[in-house]
A.B. asks: 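Let me begin by handing over the structure; questions about it come next.
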Amino acid sequence: GQQSQIERNMQRELGLLSEIEKLETELNHKLASSNLKSQQKQSDHNRRYDDDDDNDYDVDDFFDRTKKSTASKNINNDSTSTSINTRNEDNIETYESLITKWKVFLKKQKSHQQSVTQVRIKIQKIQTKLQVMDMETSNEDTFFLQNDLDIANDELKQKLKDIQCIE
């Protein structure tokens with residue numbers, strides 16, 4: 001019983017392998033013919049527009065969607081829009097691009113963390129100065145130090161918000 005099932009499975013496997021090979025050759029043939037057809041269409045298209053350029057009459061390309069307009073060419077010549085267009089066209093993420101983005105992210109994260117640490121140190125220094133000033137009770141100096149402390153706390157809050165936006 002098991003031997004006959006194994007033989008049937010082997011025959012079925014051979015049949016499926018031959019069907020896969022047949023489908024692969026058919027697919028390759030269709031891909032090759034579609035590539036050839038698209039190349040022929042492109043050459044026909046180029047030839048047609050090359051022939052039209054030889055004529056002396058005025059051709060209105062405003063509604064012709066197969067040909068790039070001069071307005072879009074002028075826009076694409078601008079360096080900022082060209083970089084934007086290449087970003088939109090190259091949305092494919094590769095391993096290298098993801099690693100690069102990750103490294104940039106880590107650098108930003110590290111710089112933000114360092115700036116937060118610097119602001120916290122600044123706050124600690126101001127707080128210690130305030131404690132010392134409270135003992136001397138100079139109102140004007142205390143006011144300015146309190147103002148500096150408020151500014152530093154606001155700066156710390158902004159830096160922490162920036163870090164949350166990055167994450």
A.B. asks: Would you say the side-chain atoms of T100 pair up with the backbone N or O of E96, donor to acceptor, closer than 3.5 Å?
C.D. replies: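 Checked: pair present.
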A.B. asks: Nearest 0.5 Å please: distance from the CG atom of L23 over to the CD atom of E19.
C.D. replies: 5.5 Å
A.B. asks: Under a single-linkage definition using a 4.5 Å side-chain heavy-atom cutoff for Ile, Leu, Val, Met, Phe, Trp and Tyr, are L145 and I121 assigned to the same hydrophobic cluster?
C.D. replies: no
A.B. asks: Looking at CG of L36 and CG of L31, how far apart are the two atoms once the value is rounded to the nearest 0.5 Å?
C.D. replies: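 It is 12.5 Å, given to the nearest 0.5 Å.
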A.B. asks: Which residue pairs satisfy the salt bridge (charged side-chain N to carboxylate O under 4.0 Å, His left out) criterion with at least one member in residues 144-158, sequence neighbours excluded?
C.D. replies: K122-E155
A.B. asks: I need the N153 CG to Q158 CD distance, nearest 0.5 Å.
C.D. replies: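 Answer rounded to 0.5 Å: 13.5 Å.
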A.B. asks: Side chain of N147, backbone of F143: donor and acceptor closer than 3.5 Å?
C.D. replies: no
A.B. asks: Would E24 and N28 count as a side-chain hydrogen bond (donor to acceptor under 3.5 Å, both in side chains) if you check the C-alpha gap in whole Å, the side-chain angles of each, and the deciding distance to 0.1 Å?
C.D. replies: CA-CA 6 Å; E24 281 180 346; N28 289 335; over 6 Å; no
A.B. asks: Given the rule in the side chain to side chain contact (heavy atoms under 4.5 Å, CB included) test, do I123 and V119 qualify, once you have shown the distances and angles that lead to the verdict?
C.D. replies: CA-CA 6 Å; I123 289 173; V119 171; 4.1 Å; yes
A.B. asks: Just how far is it from atom NE2 of H112 to atom OG of S115, taken to the nearest 0.5 Å?
C.D. replies: 6.5 Å
A.B. asks: Distance from R120 atom CZ to L160 atom CG, nearest 0.5 Å?
C.D. replies: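 Reported to 0.5 Å precision, the distance equals 5.5 Å.
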A.B. asks: Can you list everything that forms a side-chain hydrogen bond (donor to acceptor under 3.5 Å, both in side chains) with Q124? Sequence neighbours excluded, please.
C.D. replies: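 Once residues adjacent in sequence are excluded, Q124 has no partner under the side-chain hydrogen bond (donor to acceptor under 3.5 Å, both in side chains) criterion.
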A.B. asks: Does the distance from a Lys or Arg side-chain N to an Asp or Glu carboxylate O, for K22 and E26, drop under 4.0 Å?
C.D. replies: no
A.B. asks: Going from CD on Q118 to NZ on K159, what distance comes out if it is rounded to the nearest 0.5 angstrom?
C.D. replies: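 Output value for this atom pair is 8.5 Å.
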A.B. asks: Indicate yes or no: at least one non-hydrogen side-chain atom of E21 is less than 4.5 angstrom from one of T25.
C.D. replies: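 In short, these two side chains do not touch, never coming nearer than 4.5 Å.
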